[in-house]
There are 2 protein chains.
Amino acid sequence: MCSHEQRPQGADMTSGVGQTSHRCHAGSSALSDVKAETRAALAAMCRPRRLGAGQTAIHEGETSDYVGCVLSGILRLQKTLADGRQHIVGLLFEGDMFGRVFDGASDFSVEAATDAEVCAFPRRRFEELLSHAPDLDRALLMNILTELDRARDWMVLLSNRKISSRLAGFLVLLCSRFASVDRLVELRPDGFEIRVPISRTDLAHLLGTRTESISRAFHWLEDEGDIEILGPDRVLVRDVSALASRTGDGETDAIASLKAVLASRRQASG
Amino acid sequence: MCSHEQRPQGADMTSGVGQTSHRCHAGSSALSDVKAETRAALAAMCRPRRLGAGQTAIHEGETSDYVGCVLSGILRLQKTLADGRQHIVGLLFEGDMFGRVFDGASDFSVEAATDAEVCAFPRRRFEELLSHAPDLDRALLMNILTELDRARDWMVLLSNRKISSRLAGFLVLLCSRFASVDRLVELRPDGFEIRVPISRTDLAHLLGTRTESISRAFHWLEDEGDIEILGPDRVLVRDVSALASRTGDGETDAIASLKAVLASRRQASG
DNA sequence: CGATTTCGTTGACAGCTGTCAATGATCCCT
DNA sequence: AGGGATCATTGACAGCTGTCAACGAAATCG
């Protein structure tokens, strides 16, 4: 029920709900820690929705009637300034939640950066469930704390003046998020290949610059030997450590664990 | 108990706790909505602490043993990069909370930007109380949501390339936070005076630049007629709207309500 | 009161980015 | 396959900031 995708004919509601529950909490979802009972309640109130690239899920300044969870694709959290400039303050990947509970309108709009599927929970019913399910309440709190940390890490990244440093940081972040999912990172003898899932324009709005500078930063990193540009959305990462060092934050624990994950995957695949 | 300040002789524990409770929730505190009963429990576990300017409350990467609430002064939330650069991701004012509940270490350190007093709640006992006091849990959730919004608004502010635009945004933000507190904003015939509560160095780290650029930005805004520099930490704001328009976000609701507050205060004082 | 240190300010110059303009590449639709 | 639209890239130039250096002001300490 949580997805508009075709299901085998004859699937009854129960199996439908089970599938929803599974999909809503796949991977590193914010809701993966809640009890089965709570998950069932969530699945029951879940309204599936498919968004085309560019479509708006929540309008800026509007009080949304639902809370959402990303099933597939990428959403962007953004603000349009009075002078027409746009700025993206965050990306939402599979398993991320969005929308606000209890209080009013969000100052940011949520739009699909790619074709996407989301799971929509009616806000009132979600809040009702929150009051009776401490595990969900706890999970939501942890989720928001994580978001807050990510936002602050992102600020530090944006404090880099050179655009190539910001781009390097973004690529490292992409690697960290994608490393554990097979289909998103392809190992190669001379590094590993990732997909840059958003357009140059979105990348520019995300990194606080323009597409021209994004282009220059990509090719500068290629000249330095850190990456190789395989296509507009395909990048071969040759040296993660080098990329990380360009952000000024050097070899962190996150980088170390990323390299460990990739090494173990490389070993597993021969 | 929550403050080291002198109390009238003979005050017993009860009045002490009452005072603590009062001080911890003064102004627009994050905890102002919790029940009296919960407030009493908080007051009972409160450990007062006084911090000198520059002193560290929570070290980067360290799991803190307590959750804190600012009583007076200003704390900065910051990160030191491997290359030595420092970046401030947020300021904590009176009534703001800091420290993490439930999960591990914070990647940011919390330091006193000015002399400050904080209220420290032992983390375990605070978490225990959270589980039994839904009102506190709710208040904390709302508080963190507010912090998340502030962080994202701050990101938008930092997307301004001109330092003078960022500084203008910061001054407007200061006005918004201080407007309702008499001692922090002094009305004058040609505008209103505010105190810039942190040094040029901190301002530079906060706005992602250097002290020289901060200085230039201040004097540029003065040349434009938006402000007048009365002293290193005293600024006369002549035209809030002009300042706001320089951030690219124009005349928002926040600006309108700020002007309304100042107008009513001006009327009240004659 | 004077010396020292810290802080804020100002100037000169190099480096990077924003802007404008033009070109090349790719995708989509017919 | 052709044509149009969108996207990515590259070049030239101006503007702003970072850096280095020097100066002035204010606070601190003896």
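Below, read A as the first sequence line, B as the second, and so on, with proteins coming before strands; counting in each chain starts at 1. What you see is a predicted model, and the numbers here were worked out from it, not measured in a lab.
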Residue pairs fulfilling side-chain hydrogen bond (donor to acceptor under 3.5 Å, both in side chains) with at least one residue in residues 239-249 of chain B, sequence neighbours excluded: D226(B)-R246(B), S241(B)-E251(B), S241(B)-K259(B)

Residues in ring-ring contact (aromatic ring centres under 6.0 Å, His included) contact with F178(B), at least two apart in sequence or another chain: F93(B)

Separation of atom CD in E222(B) from atom C1' in dT9(C), rounded to whole Å: 12 Å

Residue D253(B) excluded, over 12 heavy atoms near CG under 6.0 Å: no

Listed once per pair and sorted, the salt bridge (Lys or Arg N to Asp or Glu O under 4.0 Å) pairs that draw on residues 190-207 of chain A, sequence neighbours left out: R76(A)-D202(A), R188(A)-E193(A), D190(A)-R238(A), E193(A)-R234(A), R195(A)-D233(A)

Beyond-backbone contact of V118(A) with F98(A), side-chain heavy atoms, under 4.5 angstrom: yes

Value in whole Å for how far the P atom of dG8(C) lies from CG of D233(B): 9 Å

D83(A) atom CG: more than 12 heavy-atom contacts under 6.0 Å: yes

Donor-acceptor pair, side chain of R265(A) and main chain of V185(A), under 3.5 angstrom: yes

Sugar-phosphate or base contact per nucleotide [nucleotides 6-20 of chain D; S, B, -; heavy atom under 4.0 Å]: --SSBBB----SSBB

Angle by which the axis turns from one end of the helix from dC1(C)-dG30(D) to dT30(C)-dA1(D) to the other, five pairs per end, to 10 degrees: 50°

Residue pairs, two or more places apart or on separate chains, that pass side-chain hydrogen bond (donor to acceptor under 3.5 Å, both in side chains) and touch residues 154-174 of chain B: R85(A)-N160(B)

